[in-house]
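Scope of the values below: all heavy atoms of this structure, side chains included, with no hydrogens, waters or symmetry mates. Note that the numbering runs from 1 along the sequence shown for the chain. As the structure lists them, so they are numbered: ligands from 1, and atoms in each ligand from 1.
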Amino acid sequence: MVKSLNCLISAGPTREWIDPVRFISNPSSGKMGYALASEAYKRNFKVNLVSGPVLLPIEKGIYVTYVESAEEMSIAMMSQFNEADLIIMCAAVCDHKPTKMWSQKRKKADFPPSIELVPTQDILFELGKRKKENQKLIGFAAETESCEENAKKKLNLKNLDWIALNDVSIKEIGFESELNEVTLYSSSEKKVKLSIATKEELAEQIFDIITK
Ligand code: CTP
């Protein structure tokens, strides 16, 4: 029997808590990552999905690890990375977190006028450093300006095989939308523009390209 390949995918936003009722996050719906997980499952991959807090149904047969913070997402991704053949980092990880989380709700009268933030770990960069010959690593780039240039920088910096560029300044596509439009760039300098489509359709096209 042929052993099925392992696909590890991250999806959704992270939450970086300030106190028990407030957090820093972003509008990622998780739909693109979940669509990629379904597509991988259809193609007979063993799928491990690391999901930030989203309310999306999950297909039976896909293993899910639910996380909240960037730190939890990092632990989940690192611990499953070595067994994975194909890794897709689709999550919108918060780049910063508060230096501390108050254990009690901060009353509005006591709420500080500014909150000190520290960078979170760049999970994909760390995965790129650990990547082995037999592994394929795919990232996403959410950009609003100099899109191609910025996406290519991330492709190189994070040691990726492919990066999917998302121009999130266009309202009809990207964050929270049912539709998306991506351009894929490879480390071997290929460029493939995929036209606007549902996230399920794009997931299928993305898999056709990255598994070629
Ligand atoms: N990413 C990550 N860990 C972070 C931030 C981003 O793993 N702390 C991953 C995302 O999942 C995505 C890729 O890195 O696959 C690019 O994310 P993006 O938000 O576009 O860019 P950043 O690396 O955060 O850089 P910048 O904010 O400067 O554009």
Is a side-chain donor or acceptor of Gln135 paired with a backbone partner of Ala84 at a separation under 3.5 angstrom?
-> yes
Leu179 versus Thr198: any side-chain heavy-atom pair under 4.5 Å?
-> yes
Enter the distance from Lys153:NZ to Lys158:NZ here, rounded to the nearest 0.5 Å.
-> 13.0 Å
Should Ala70 be listed as contacting ligand 1, given a heavy-atom distance under 4.0 Å as the test?
-> no
Provide the number and element of each atom of ligand 1 under 4.0 Å from a heavy atom of Ala141.
-> 20 (O)
Among protein heavy atoms, which lies nearest atom 9 (C) of ligand 1, and at what distance?
-> Leu124 CB, 3.8 Å
Could you tell me which atoms of ligand 1, counted from 1 in the order shown, lie closer than 4.0 angstrom to a heavy atom of Ala91?
-> 10 (C), 11 (O)
Where ligand 1 meets Gly139 - atom numbers and elements under 4.0 angstrom, heavy-atom basis | 15 (O)
If you scan protein heavy atoms around atom 12 (C) of ligand 1, the nearest is Phe140 O, 3.0 Å
For Ala142, is at least one N or O under 3.5 Å away from an N or O on ligand 1?
-> yes
With only distance considered, is Val93 within less than 3.5 Å of ligand 1 through an N or O on each side?
-> no
Shortest protein contact, atom 14 (O) of ligand 1 (heavy atom only) = Lys158 NZ, 2.9 Å
Please indicate whether any nitrogen or oxygen in Ile123 is less than 3.5 Å from any nitrogen or oxygen in ligand 1.
-> yes
Where is the nearest protein heavy atom to atom 18 (P) of ligand 1: which residue, which atom, and how far?
-> Lys154 NZ, 3.5 Å
Touching ligand 1 at all, Met77? Heavy atoms, strictly under 4.0 Å?
-> no
Testing Lys100, Glu68, Lys97 for side-chain contact (heavy atoms from CB on, under 4.5 Å) with Trp17, which one passes?
-> Glu68
Thr120 side-chain N/O to Asp95 backbone N/O, donor-acceptor pair under 3.5 Å | yes
Look at Arg22 together with Asp19 and state whether they make a salt bridge at an N to O cut-off of under 4.0 Å.
-> yes
Taking the side chain from Asn166 and the backbone from Val168, do they hold a donor-acceptor pair closer than 3.5 Å?
-> no
Specify the protein heavy atom at minimum distance from atom 24 (O) of ligand 1: its residue, its atom name, and the distance to 0.1 Å.
-> Asp95 OD1, 3.0 Å
Is there a donor-acceptor contact under 3.5 Å from the side chain of Asp110 to the main chain of Arg106?
-> no
With a cut-off of 6.0 Å (strictly less than), are more than 12 heavy atoms of other residues, nucleotides or ligands near NZ of Lys107?
-> no
Ligand 1 contact by Gln121, heavy-atom criterion under 4.0 angstrom = yes
Would a 4.0 Å cut-off, counted as strictly less than, catch a protein heavy atom around atom 28 (O) of ligand 1?
-> no
Counting heavy atoms under 4.0 Å, the part of Thr120 that contacts ligand 1 is side chain
Before accepting this row, confirm whether a basic side-chain N of the pair Glu143/Lys154 lies closer than 4.0 Å to the acidic partner's carboxylate O.
-> yes
Between Asp161 and Lys190, is there a side-chain N and carboxylate O pair less than 4.0 Å apart?
-> no
Quick one: look up the protein heavy atom nearest atom 15 (O) of ligand 1 and list residue, atom name and how far away it is.
-> Met89 O, 2.8 Å
